[in-house]
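Beneath this line is the structure, given in structure tokens, with notes to follow.
Proteins come first, then strands; the chains are lettered A, B, ... in the order of their sequence lines, and each starts at number 1.
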Number of protein chains: 2
Amino acid sequence: MSTAGAEPPQEGSLLLDDQLCFALYAASRAVTARYRPLLDELGLTYPQYLVMLVLWEQDSISVRDLGNALQLESSTLSPLLKRLESNGLLRRERRAEDERSVALRLTDAGARLRERAGTVPLAIGDAMGLTPEQNAVAKQLLRLLTTNVTR
Amino acid sequence: MSTAGAEPPQEGSLLLDDQLCFALYAASRAVTARYRPLLDELGLTYPQYLVMLVLWEQDSISVRDLGNALQLESSTLSPLLKRLESNGLLRRERRAEDERSVALRLTDAGARLRERAGTVPLAIGDAMGLTPEQNAVAKQLLRLLTTNVTR
DNA sequence: TGCGACTTAGTCGTGCACAACTCATTAGGG
DNA sequence: CCCTAATGAGTTGTGCACGACTAAGTCGCA
């Protein structure tokens with residue numbers, strides 16, 4: 001048996017389980033799946049939740065700045081924002097000072113949703129089951145990875 | 001300024017940048033984007049590449065076992081496998097011993113593609129720019145996270 | 001001051017991802 | 001043996017994600 005389990009992972013391996021990329025991809029989907037039942041109660045999908053996080057932090061942001069914050073294209077955001085608008089959580093209005101730009105503003109319902117969302121981060125943090133140190137290391141490594149890879 | 005930059009991240013915060021989940025989501029998309037030009041040359045998408053990794057490792061696998069390996073539903077895999085089949089990389093054939101099960105077998109073209117894919121993991125590993133130790137820690141934390149969250 | 005380059009949102013087409021469901025097949029208990 | 005439950009693959013509908021493109025608006029400079 002030339003490929004016994006005790007061998008160290010190879011840098012250039014084609015084995016699925018040696019690949020950080022797969023661990024990353026699987027973890028991302030698993031976390032999103034864990035969010036799903038919680039966000040269903042708020043009537044949000046996971047990307048919609050991320051948009052609301054940004055808006056709760058900084059209301060009246062442009063589509064462009066939102067895209068920069070989330071690293072998403074306008075072709076992803078435009079339909080998503082339309083759905084949030086038709087669900088009554090935000091309004092989109094062209095800026096008077098630059099008609100190219102669209103300002104996103106929370107409605108009252110959108111602002112109120114923040115209260116109900118308050119328990120979500122703790123519930124997810126709990127489900128992740130990492131120590132604060134592990135959490136910090138993971139976040140730091142993922143950010144390093146992201147900046148390296150988008151360089 | 002009550003929320004200056006020097007404060008530690010809060011466990012239950014609703015700030016986007018405090019959330020491990022967003023770092024994970026952004027990193028996953030960034031890595032996939034980094035793969036894209038390399039995989040374009042092979043005529044594969046990223047999920048298709050993952051399927052090929054599994055098949056190169058273990059030919060004649062069932063859709064069910066492939067789904068277990070990648071943690072994907074048949075509703076995701078069925079159309080994806082159809083595309084790989086119509087691109088001539090694999091064949092799908094019902095198993096004689098259990099007509100419910102479909103065996104996936106590489107074609108010659110599918111097997112040959114492995115040679116051309118050989119450089120991909122090293123190129124990505126290089127782009128990720130993590131030390132072997134950081135890579136190992138990241139992989140370990142992501143797996144822990146995945147098992148915790150899917151528990 | 002006019003016009004070409006750039007910016008900003010948006011549309012369209014393709015391909016995941018997943019819930020809910022269907023349909024064929026198999027297994028297992030009476 | 002039957003017949004009911006379970007299993008395996010697939011279909012359908014919704015919502016991302018992104019490349020390629022479009023259209024409207026702004027800017028800068030000849």
Below 4.0 angstrom, which residues in [range] have at least one non-hydrogen atom near DNA chain C?
| range | result |
| --- | --- |
| residues 93-105 of chain B | B:Asp98, B:Glu99, B:Arg100 |
| residues 78-89 of chain A | A:Ser78, A:Lys82 |
| residues 24-57 of chain B | B:Thr45, B:Pro47, B:Gln48 |

Between B:Leu14 and A:Gly118 the two heavy atoms that sit nearest each other are CD1-CA, 4.4 Å
Name all residues meeting the side chain to side chain contact (heavy atoms under 4.5 Å, CB included) criterion together with [X]; count only those two or more places apart in sequence or in a different chain, and write none if there are none.
| X | value |
| --- | --- |
| B:Arg92 | B:Leu81, B:Lys82, B:Glu85, B:Leu90, B:Val102, B:Leu104 |
| B:Ala23 | A:Lys139, A:Leu142 |
| B:Gln140 | none |
| A:Thr45 | A:Pro47, A:Gln48 |

Answer whether the closest heavy-atom distance between the side chains of A:Leu24 and A:Leu145 falls below 4.5 Å.
yes
note: B:Gln71, atom CD; C:dC16, atom P; distance rounded to Å ~ 18 Å
Counting only heavy atoms not in B:Glu99, do more than 12 fall under 6.0 Å of its CD?
yes
Is the number of heavy atoms from other residues, nucleotides or ligands within 6.0 Å of CG (B:Asp40) greater than 12?
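Atom CG in B:Asp40 is crowded, with more than 12 foreign heavy atoms closer than 6.0 Å.
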Can a donor-acceptor pair be found, under 3.5 Å and without considering hydrogens, that links the side chain of [X] to the backbone of [Y]?
| X | Y | result |
| --- | --- | --- |
| A:Asp18 | A:Ser13 | no |
| A:Gln19 | A:Leu16 | no |
| A:Asn148 | B:Met128 | yes |

Which angle, rounded to 10°, do you find between the first-five-pair axis and the last-five-pair axis of the helix from C:dT1-D:dA30 to C:dG30-D:dC1?
0°
Residue pairs, two or more places apart or on separate chains, that pass side chain to side chain donor-acceptor pair (under 3.5 Å) and touch residues 114-123 of chain A
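Every pair satisfying side chain to side chain donor-acceptor pair (under 3.5 Å) with a residue in residues 114-123 of chain A: there are none.
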Mind checking ring-ring contact (aromatic ring centres under 6.0 Å, His included) for B:Tyr25 and listing every partner two or more places apart, or none if nothing turns up?
A:Tyr46
Excluding sequence neighbours, so at least two apart, what forms salt bridge (charged side-chain N to carboxylate O under 4.0 Å, His left out) with B:Arg105?
B:Glu93
Is the ring pair A:Tyr49/A:Tyr35 parallel, tilted or perpendicular, if the boundaries are 30 and 60 degrees?
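Rings of A:Tyr49 and A:Tyr35: tilted, 30 to 60°.
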Check every nucleotide of DNA chain D for an atom under 4.0 Å from a heavy-atom of chain A, then give the first and the last such nucleotide from 5' to 3'.
D:dG15 to D:dT26
For A:Leu72, which contact category applies under a 4.0 Å heavy-atom criterion: base, sugar-phosphate, or nothing?
sugar-phosphate
